[in-house]
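Some notes on the structure that comes next.
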Amino acid sequence: MRILSVSDSDITLAAEALKAGLLVAFPTETVYGLGADGFNPAALARVFEVKNRPRFDPLIIHIARLEGLELAADLDSLEGEARKKTGLLCGGLWPGPLTLILPKRGAVPDLATAGLATVAVRLPDHPAARKLIARSTGAVAAPSANPFGRLSPTRAEHVRDQLGDRVDLILDGGRTRVGVESTVLDMTGPVPRLLRPGGVPREKIEALIGPVDIPGPSAGPVNAPGQLKSHYAPRTPLTLHRPEEMAVLEYEAGAGCLFFSGESRDRWLRGIPGAGPFPGIRVLSGGGDTTEAAASLFDTLHELDRLGLFRIRAEEAPPVGLGPAINDRLRRAAARS
Ligand code: TXA
Ligand code: MG
């Protein structure tokens, strides 16, 4: 495995590697992706192997520009209203952390979509990612660059540490800006369905296209298999707490506490006799902002995971903005424990 920069010449090199069927991890605005040429079945098969990901869990095809959408998706087979809404979302929120589920084109190998008649497409808001995609075949399949079920990578080092030589190249673009994966929205039914809360808040989507459905846990077949209950998990067992519970937790040496805001941490500290240091204490956003908290979520979990704590106790975020995406990841991390 080689780590490259995001200089122009390194991106060209990485694009050539993709075209040759190699796997290239690259930064997006959300998390690092494990990229493979979206039209190359052998490379796609390797993605599943390297991540140890079940073949029934389909991948997202990343495109470099709006015109690239037609490479993977067949918009003509969308019903009129859905087509109109898709246009509004692409125009208003792309490039950005929004993945759309659309009817699939035949050119996309079944392996990428796990045999589904739909395909997930996203136009990332990251210059290096878009250059890389544009210089390869224009369609790059990329799941998050972590072993299946583990914490998503927000830095090149996370990819290196978790995947090592199983990946051919890593483009190092520093820490990712948004920090949680894209919102996944299924456009193929009568009402758009939010399959995964992510980097674009529901409010922003609804402001553009009106109400979206949030399928309950038992609503029909698993259509975003990434929604498996246990996912995004650190090695350290994690428990999730409401703010009221968190405020009155006793201090346990060797346990970590992940607070949503500086205010919650201070409230907790006031109830603890004696002064620190408390090594495993972290705050996601000093000022209690959900966007800032999302940006540091996986980064902080990776960091806490390295401290050898016996437990991480995490506080729920308020359910606004990126709060639902944060809580979704924390709940899945807790499900493993
Ligand atoms: O932000 C992101 O989306 C990152 C970066 C690298 O772009 N990628 C990412 O990919 O999170 P992954 O593979 O970890 O998650 C993709 C999600 C999974 O939950 C998968 O089940 C769902 O998208 N998905 C993919 N294709 C689908 C389809 N045709 N129908 C329903 N869900 C689909
Ligand atoms: Mg993932």
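Ligands are counted one by one from 1 in listed order, and the atoms in each one are counted from 1 as well. Since we're looking at a predicted model, the values are computed, not measured.
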Does a sphere of radius 6.0 Å around CG in N52 hold more than 12 heavy atoms from other residues, nucleotides or ligands, not counting ones at 6.0 Å or beyond?
no
Between T176 (side chain only) and T30 (backbone N and O only), is there a donor and an acceptor less than 3.5 Å apart?
yes
How about S152 and E181: does a side-chain donor come under 3.5 Å of a side-chain acceptor?
yes
If the contact criterion is a heavy-atom separation under 4.0 Å, does I101 count as touching ligand 1?
yes
From V178, I60, L102, T99 - option closest to atom 16 (C) of ligand 1 by heavy atom:
I60
Check the pair R329, F298 against side-chain contact (heavy atoms from CB on, under 4.5 Å), reporting the backbone distance first and the verdict last.
CA-CA 9 Å; R329 306 308 185 267; F298 283 124; 4.0 Å; yes
Regarding R122 and T28, is there a side-chain donor-to-acceptor distance under 3.5 Å anywhere?
yes
Would you say ligand 1 has an N or O under 3.5 Å from any N or O of R122?
yes
Residues R202 and T183: side-chain donor-acceptor under 3.5 angstrom
no
Applying a heavy-atom cut-off of 4.0 Å, say which part of K104 lies close to ligand 1: side chain, backbone, both or neither.
neither
Name the option, out of S182, P103, P124, P143, that contains the heavy atom nearest to atom 12 (P) of ligand 1.
P143
Selected option - heavy-atom contact closest to atom 23 (O) of ligand 1, from T188, V119, V184, L185
V184
Out of the candidates H241, E252, E245, only one should pair with R313 under the side chain to side chain donor-acceptor pair (under 3.5 Å) rule; please name it.
E252
Within 4.0 Å of some non-hydrogen atom of T30, the atoms of ligand 1 are 1 (O), 2 (C), 4 (C), 5 (C)
Is the shortest N/O to N/O distance between T118 and ligand 1 below 3.5 Å?
yes
Ligand 1 and T28, any nitrogen or oxygen pair closer than 3.5 angstrom?
no
Per-residue contact class, D186 against ligand 1 - non-hydrogen pairs under 4.0 Å:
neither
Short list, please: which atoms of ligand 1 are under 4.0 Å from a heavy atom of R196?
2 (C), 3 (O), 9 (C), 11 (O), 15 (O), 16 (C), 17 (C)
Give a yes or no on whether a salt bridge exists between K19 and E16, defined as a side-chain N under 4.0 angstrom from a carboxylate O.
yes
Walk me through whether S182 and R196 qualify under side-chain hydrogen bond (donor to acceptor under 3.5 Å, both in side chains).
CA-CA 8 Å; S182 59; R196 175 175 76 181; 3.2 Å; yes
Residues S9 and T12: side-chain donor-acceptor under 3.5 angstrom:
no
If you measure from atom 8 (N) of ligand 1 to every heavy atom of G33, P27, A142, which option wins on shortest distance?
A142
Can a salt bridge be assigned to the pair E49 and R166 using a cut-off of 4.0 Å between side-chain N and carboxylate O?
no
For ligand 1, which atoms, with element, lie under 4.0 Å from some heavy atom of L116?
28 (C), 29 (N), 30 (N)
Distance (rounded to the nearest 0.5 Å) between L18 CG and L132 CG:
5.0 Å
Which ligand 1 atoms are under 4.0 Å away from a heavy-atom of L59?
25 (C), 26 (N)
Using a strict 4.0 Å cut-off to heavy atoms of A120, name the atoms of ligand 1 that fall inside it.
25 (C), 26 (N), 27 (C)
Report yes if R53 has an N/O atom closer than 3.5 Å to an N/O atom of ligand 1; otherwise report no.
yes
Apply ring-ring contact (aromatic ring centres under 6.0 Å, His included) to F48 and list each qualifying residue two or more places apart in sequence or on a separate chain.
none
For F278 and W268, take the angle between the two ring planes, folded into 0 to 90°, and tell me which bin it lands in: parallel under 30, tilted 30 to 60, perpendicular over 60.
perpendicular
Restricting to under 2.8 Å, identify the protein N, O or S atoms around the Mg ion (ligand 2) as residue plus atom.
S144 OG
Between K51 and D57, does any NZ, NE, NH1 or NH2 come within less than 4.0 Å of an OD or OE carboxylate oxygen?
no
Part of L195 within contact of ligand 1 (heavy atoms, under 4.0 Å)
side chain
Among G199, A145, A112, S144, which one puts a heavy atom closest to atom 9 (C) of ligand 1?
S144
Per-atom filter on ligand 1: closer than 4.0 angstrom to a heavy atom of H62 are 5 (C), 6 (C), 7 (O)
